[in-house]
Amino acid sequence: MTDALGEERAAALAQIEALTREFDEVVAASRASNADDEHDPEGATIAFERQQVAALLAAARRRLADAEAAVRAVEAGVYGICESCGGAIAPERLAARPAARTCITCAT
């Protein structure tokens with residue numbers, strides 16, 4: 001299972017890197033432009049795009065935190081135990097979401 005967690009962590013780090021780069025590009029574009037994007041009939045505002053990327057970046061950081069918590073759980077010998085009820089997390093759930101912290105019942 002640690003291979004899956006390593007892959008999950010690597011994917012989260014790659015996503016954070018890509019989104020950080022995209023966020024920086026959006027911010028740079030907003031500085032370089034003096035256009036009134038709040039009234040642009042062509043589509044979403046730069047502020048909207050910036051907030052959208054920021055939300056995706058926050059989700060990627062949570063994904064990384066979950067993967068790192070799962071690695072610590074493996075090291076502590078408690079991996080696969082639901083943090084809410086203390087019961088076992090189904091192997092199918094862990095296969096689908098290696099960094100899952102809760103069982104299906106507690107997740108819903």
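Everything numeric in this text was worked out from a predicted model, so none of it was measured.
Closest approach of Thr102 to Cys82, counting heavy atoms only: CA-SG, 3.6 Å. The two residues Cys103 and Cys85 come nearest to each other via the heavy atoms SG-SG, 3.9 Å. Shown here for Pro98 and Ala70, the closest heavy-atom pair between the two residues is O-CB, 4.1 Å.
The CD atom of Glu8 sits 10.5 Å away from the CG atom of Leu13 when rounded to the nearest 0.5 Å. Distance check: Gln52 CD to Phe23 CZ gives 12.5 Å after rounding to the nearest 0.5 Å. A distance of 10.0 Å separates OG1 of Thr20 from CD of Gln15, quoted to the nearest 0.5 Å. Here the CZ atom belonging to Arg72 is positioned 11.5 Å from the CG atom belonging to Leu5, to the nearest 0.5 angstrom. For the atom pair CZ (Arg63) and CG (Leu56), the distance works out to 12.0 Å, reported to the nearest 0.5 Å.
In the hydrophobic clustering of this structure, Ile89 groups with Val74; members are Ile, Leu, Val, Met, Phe, Trp, Tyr whose side-chain heavy atoms approach within less than 4.5 Å, directly or through other members. In the hydrophobic clustering of ILVMFWY residues, with side-chain heavy atoms under 4.5 Å counting as a link, Val53 and Ile16 come out together. Side-chain heavy atoms closer than 4.5 Å link hydrophobic residues (I, L, V, M, F, W, Y) into clusters, and following such links, even through other members, never connects Ile104 to Tyr79.
A donor-acceptor pair under 3.5 Å is absent between the side-chain atoms of Arg93 and the main chain of Gly80, judged by distance alone.
By the 4.0 Å N-to-carboxylate-O rule, Arg21 lies close enough to Glu17 to be salt-bridged with it.
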